[in-house]
Amino acid sequence: MVNQQVVETVAVKLLQLAVTKLPSDTKKLLQKAYENETPVGKSQLKAILDNIELAEKTAAPMCQDTGIIIFYIKAGSELSGLDKIESALRKATIRATKEIPLRPNAVDPFTHENMGNNTGRFVPFINWEIVPGNELEITVLPKGGGSENVSALGMLTPSDGVVGLKKFVVDTVINAGAKPCPPTILGVAVGGGADIAIKLAKKALLRPINEPNSDPKLAKIEQELLQAVNSTGIGPMGLGGKTTVLGVKLDYAHRHPASYPVAVVVQCWAARKATAKIYPNGKVEYLTHEVT
Ligand code: SF4
């Protein structure tokens, strides 16, 4: 049975963890990049790393841009009361906005009205997955606007193939330049339809950034893409350097014979995400962060 109050409390905590403590996968890659960077790149990465440390120490958001708040739910099929989750996540978003505090970012596209609490129509957005069992896993991904603005979808043709995919990814990074606050992380997906490719590309950002793909074929393409985008020289914050992208996460779906959709979802260095699992006995385990 889903306990609405527990879901709300955990979701507030997840939002607080996500915005104040960068998960160790991205932090380690930023530190590694700092060791290898040019003097200009180093100075930018130092400012980013200092900012991350300051956010942790002061429990303040690491970036003023709250982003749009997205949840990913893995709900055990044996759980009852799943209908309570949406309102718990909405309440958690409102509470977190006030308590952390977070800049209110959700705006009506027609009237420009801002509810002042990071909620609105379809915001926070909830992605659902039903899995076997009786546990509930909640992930939050506050997705920054600057990097989202340069995300791209290409409806390529099957004859473009993997070469076309690589060109599209590199072009996306070049067109983005400094706008997404590099170094970035790229979620890339090919196949399905337009919507499926974008969904998979964004979800790929939830995977540990510093681990290779479990499929060797995809791991090889991820590495090739990483080398290609880093050869652009855009560098940290677009001021030049070796590290434009920290990691590429690739996913795919089977496609229509006539279609070759490629989605690139760009995530800035402030790769905020946090996950927790709620067990049937009420125990809560935080999977991405150490919680004392
Ligand atoms: S793109 Fe990322 S780092 Fe840049 S302002 Fe937005 S959330 Fe912050």
Side-chain angles (χ1 to χ4, degrees), residues 14-31 33-34 37 40-56 58-72 93 96-97 100-107 114 118 120 123-125 139-152 169 172-188 198 201-206 209 229 232 234-241 243-249 263-274 288:
L14 286 173
L15 274 158
Q16 192 227 351
L17 290 169
V19 302
T20 60
K21 288 185 182 179
L22 200 63
S24 62
D25 56 351
T26 309
K27 209 161 135 185
K28 278 182 194 155
L29 286 173
L30 283 166
Q31 281 156 346
Y34 173 79
E37 258 302 344
V40 175
K42 253 190 167 62
S43 70
Q44 295 307 305
L45 288 172
K46 167 129 187 14
I48 289 172
L49 287 163
D50 287 350
N51 182 61
I52 291 166
E53 209 182 305
L54 203 61
E56 274 187 34
T58 59
M62 67 189 78
C63 183
Q64 83 289 343
D65 175 9
T66 305
I68 284 289
I69 295 171
I70 302 169
F71 287 101
Y72 290 85
T93 303
T97 301
I100 293 174
L102 299 172
R103 187 177 78 186
N105 261 17
V107 175
N114 186 332
N118 280 305
V123 178
F125 192 82
T139 296
V140 67
L141 177 81
K143 181 67 178 65
S147 54
E148 190 71 0
N149 287 349
V150 294
S151 296
V169 173
T172 301
V173 170
I174 291 172
N175 292 338
K179 286 183 211 150
C181 301
T184 58
I185 296 147
L186 305 180
V188 178
I198 291 179
K202 189 165 275 183
K203 197 173 173 199
L205 296 172
L206 301 182
I209 310 300
V229 290
T232 59
I234 293 166
M237 299 312 282
L239 294 178
T243 327
T244 304
V245 174
L246 294 168
V248 180
K249 311 312 291 177
V264 183
V265 174
V266 183
Q267 167 67 63
C268 57
W269 65 263
R272 299 160 292 183
K273 58 185 178 183
T288 45

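Counting starts at 1 for both ligands and their atoms, following the listed order. This one's a predicted model, so the numbers in the text were calculated from it and none came from an experiment. Residue numbers count from 1 along this sequence.
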Any luck finding a side-chain donor-acceptor pair between Asn105 and Thr66 under 3.5 Å?
no

Counting distance only, does the side-chain N/O of Thr244 pair as donor-acceptor with the main-chain N or O of Gly235 below 3.5 Å?
yes

Within reach of ligand 1, part of Arg272 (heavy-atom separation under 4.0 Å)
side chain

What protein heavy atom lies closest to atom 6 (Fe) of ligand 1? Include the residue and the distance to one decimal.
Asp65 OD2, 2.8 Å

Flag, side chain of Asn51 to backbone of Met62, donor-acceptor distance under 3.5 Å
yes

Checking a contact table here: which protein heavy atom is nearest atom 2 (Fe) of ligand 1, and how many Å away?
Cys268 SG, 2.3 Å

What's the shortest distance from atom 8 (Fe) of ligand 1 to any protein heavy atom, and which residue and atom give it?
Cys63 SG, 2.2 Å

Any idea which protein heavy atom is nearest atom 4 (Fe) of ligand 1, and the distance to it?
Cys181 SG, 2.3 Å

With a cut-off of 4.0 Å, which atoms of ligand 1 are near a heavy atom of Ser147?
1 (S)

When you measure from the side chain of Asn118 to the backbone of Arg103, do you find a donor-acceptor pair of N or O atoms at a distance under 3.5 Å?
yes

Before accepting this row, confirm whether a basic side-chain N of the pair Lys46/Glu37 lies closer than 4.0 Å to the acidic partner's carboxylate O.
no

Calculate, to the nearest 0.5 Å, the distance between atoms CG and CG belonging to Leu54 and Leu49 respectively.
12.5 Å

Atoms of ligand 1, numbered as shown, that sit under 4.0 Å from any heavy atom of Gly144:
7 (S)

